[in-house]
Amino acid sequence: MTSEIAYKRVLLKLSGEALMGEDSFGINRQTISRMTQDVAEIAKMGVELAIVIGGGNIFRGVAPGAQGMDRATADYMGMMATVMNALALQDALKSHGVVARVQSAINIDQVVEPYIRPKALRYLEEQKVVIFAGGTGNPFFTTDTAAALRGAEIGAEIVLKATKVDGIYSADPNKDPKATRYSSISFDEAISKRLEVMDATAFALCRDQKLPINVFSINKSGALERVIRGEDEGTLVHV
Ligand SMILES: Nc1ncnc2c1ncn2[C@@H]1O[C@H](COP(=O)(O)OP(=O)(O)OP(=O)(O)O)[C@@H](O)[C@H]1O
Ligand SMILES: O=c1ccn([C@@H]2O[C@H](COP(=O)(O)O)[C@@H](O)[C@H]2O)c(=O)[nH]1
């Protein structure tokens, strides 16, 4: 079975905002069930899978109250949002028969384990999915950067960014209908063109660690499995 896969160990960055489905914020039950069904399928293919989950879906709901707030405080709220999403994801994966462990970069000991790299590596070897919550644990960063960081730490072969768009475009496709999609692009080009699908810190970290990224749509049926099989899907960002 494992011979069919192009990557043995991957870091999957799941969009927080995608969890909302058609709702205006929060977690849509059908959406999380569909997303985790796709994730469960690749876990069952023998891929060692670590996940970083975003927090935009919850943070959007509290954003009006956070207006004018100290930036670091608001960022800690954002990191806590990712912990909630991680717990929901763990629960949804369990319902698809997949064992997952949550490790958080911010300590909430009664709720989740702290991030301990050797333990995360052991879970991966045991074919358990590891969900990294709490982003990097630092304000002024994003979960994209957490994905690059954890991806490098666990020796992932690729970072997969599963998001609301089906790849990287010449401009934001949600704003510019004439934008065209790249099937592949170098890190230097993505950074110099300021393509905002991922933050520059995440791009730079992956470039320096020679860790490729694939950006693809979480809403496209079968896309995650095609990426795992090394098929042409989304946009590959390379050194
Ligand atoms: N050049 C571009 N190509 C593709 N998408 C782009 C580009 N520039 C901006 N975007 C926007 O980036 C978004 C994806 O990045 P974003 O960080 O917002 O999402 P996410 O990672 O899915 O969210 P979350 O922060 O909730 O995890 C797309 O929905 C798209 O509107
Ligand atoms: O390392 C990190 C990761 C996240 N944050 C804060 O959380 C929210 C949600 O993360 P997204 O990447 O946007 O999904 C983010 O806006 C930050 O406020 C952080 O501070 N540090």
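Read the numbers this way: they start at 1 and go in the same order the structure lists the ligands and their atoms. All residue numbers in this chain count up from 1 along the given sequence.
- Taking 4.0 Å as the cut-off, Lys175 does not count as a neighbour of ligand 1 on heavy-atom distance.
- The protein non-hydrogen atom at the shortest distance from atom 6 (C) of ligand 1 is Val197 CB, 3.7 Å.
- Expressed to the nearest 0.5 Å, how far CG of Leu149 lies from OG1 of Thr201 amounts to 11.5 Å.
- Listed by number with element, the atoms of ligand 1 under 4.0 angstrom from any heavy atom of Ile168 are 3 (N).
- Checking only distances, Lys13 does come within under 3.5 Å of ligand 1, N or O to N or O.
- Taking a cut-off of under 4.0 Å to the non-hydrogen atoms of Gly56, the atoms of ligand 1 that pass are 26 (O).
- When hydrogens are left out, the protein atom nearest atom 18 (O) of ligand 1 is Lys164 NZ, 3.8 Å; that is the closest non-hydrogen contact.
- Shortest contact from atom 23 (O) of ligand 1 to any protein heavy atom: Ser15 OG, 3.6 Å.
- Summarising the geometry, atom CG belonging to Leu236 is positioned 10.0 Å from atom CG belonging to Leu160; distances are rounded to the nearest 0.5 Å.
- Counting heavy atoms closer than 4.0 Å to ligand 2, residue Thr145 contributes nothing at all.
- Near Gly54, meaning under 4.0 Å from any of its heavy atoms, are these atoms of ligand 2: 14 (O).
- Annotation: Glu189, atom CD; neighbour count of heavy atoms from other residues, nucleotides and ligands within 6.0 Å is above 12.
- Remark: Arg150 qualifies as a cation-pi partner of Tyr115 under the 6.0 Å distance and 45° angle criteria applied to the six-membered ring.
- Nearest non-hydrogen protein atom to atom 22 (O) of ligand 1 is Thr163 OG1, 2.6 Å.
- Atom 8 (C) of ligand 2 has Gly78 CA, 3.6 Å as its closest protein atom, hydrogens excluded (heavy atom only).
- Gly16 does not count as a contact of ligand 2, since none of its heavy atoms falls under 4.0 Å from the ligand.
- Proximity of atom 11 (P) of ligand 2 to the protein is indicated by at least one non-hydrogen atom lying closer than 4.0 angstrom.
- One distance of note links OG1 of Thr163 with CG of Leu14; it measures 10.0 Å at 0.5 Å rounding.
- Listed by number with element, the atoms of ligand 2 under 4.0 angstrom from any heavy atom of Thr136 are 1 (O), 2 (C).
- Among all non-hydrogen protein atoms, the one lying nearest atom 14 (O) of ligand 2 is Gly55 N, 2.8 Å.
- For atom 15 (C) of ligand 2, the closest non-hydrogen atom of the protein is Phe141 O, 4.5 Å.
- Here the protein heavy atom with the shortest distance to atom 30 (C) of ligand 1 is Asp172 OD1, 3.4 Å.
- In this structure the side chain of Ile168 never reaches within 4.5 angstrom of the side chain of Arg181, judged on heavy atoms.
- Partner Ile58 forms a side-chain contact (heavy atoms from CB on, under 4.5 Å) with one of Asn85, Thr82, Val83 and no other, that one being Asn85.
- Shown here is Met80, whose CE atom has no more than 12 heavy atoms of other residues, nucleotides or ligands within 6.0 Å.
- Remark: Arg71 CZ is packed, more than 12 non-hydrogen atoms of other residues, nucleotides or ligands lying under 6.0 Å away.
- Each of the atoms 15 (O), 16 (P), 17 (O), 19 (O), 20 (P), 21 (O) of ligand 1 lies under 4.0 Å from some heavy atom of Lys161.
- Between Lys161 and Asn214 the shortest side-chain heavy-atom distance does not fall below 4.5 Å.
- Close contacts of ligand 1 with Gly54, meaning ligand atoms under 4.0 Å from a residue heavy atom, involve 27 (O).
- Every atom of ligand 1 with a heavy atom of Tyr169 under 4.0 Å away is listed here by number and element: 1 (N), 2 (C), 3 (N), 4 (C).
- With distances taken over non-hydrogen atoms, the option nearest atom 21 (N) of ligand 2 out of Thr143, Asn138, Asp75, Leu149 is Asn138.
- At a 3.5 angstrom cut-off on N or O pairs, Glu17 counts as close to ligand 1.
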Exercise for the section: Evaluate the side-chain hydrogen bond (donor to acceptor under 3.5 Å, both in side chains) criterion for residues Asp199 and Thr145: first the C-alpha distance (whole Å), next the side-chain angles of each, then the deciding distance (0.1 Å), finally the verdict. Expected result: CA-CA 7 Å; Asp199 61 86; Thr145 299; 2.8 Å; yes

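- Ligand 1 has Gly167 within reach: a non-hydrogen atom of the residue lies less than 4.0 Å from it.
- Linking ILVMFWY side-chain heavy atoms closer than 4.5 Å, directly or via other members, places Leu124 and Ile51 in two distinct hydrophobic clusters.
- In this structure, CD1 in Ile185 is found 5.0 Å from CG in Leu195, a value given to the nearest 0.5 Å.
- For the ligand labelled ligand 2, residue Gly56 lies inside the 4.0 Å heavy-atom shell.
- Only one option out of Thr143, Leu19, Leu12 pairs with Ile53 in a side-chain contact (heavy atoms from CB on, under 4.5 Å); it is Leu19.
- The shortest distance between side-chain heavy atoms of Lys220 and Glu233 falls below 4.5 Å.
- Considering Gly16, Pro173, Ala81 only, the shortest heavy-atom separation from atom 24 (P) of ligand 1 involves Gly16.
- Of all protein heavy atoms, the one lying nearest to atom 3 (C) of ligand 2 is Thr142 C, 3.4 Å.
- Protein heavy atoms are absent from the 4.0 Å sphere centred on atom 13 (C) of ligand 1.
- Neither side chain, Glu48 nor Tyr123, offers a donor N or O lying under 3.5 Å from an acceptor on the other.
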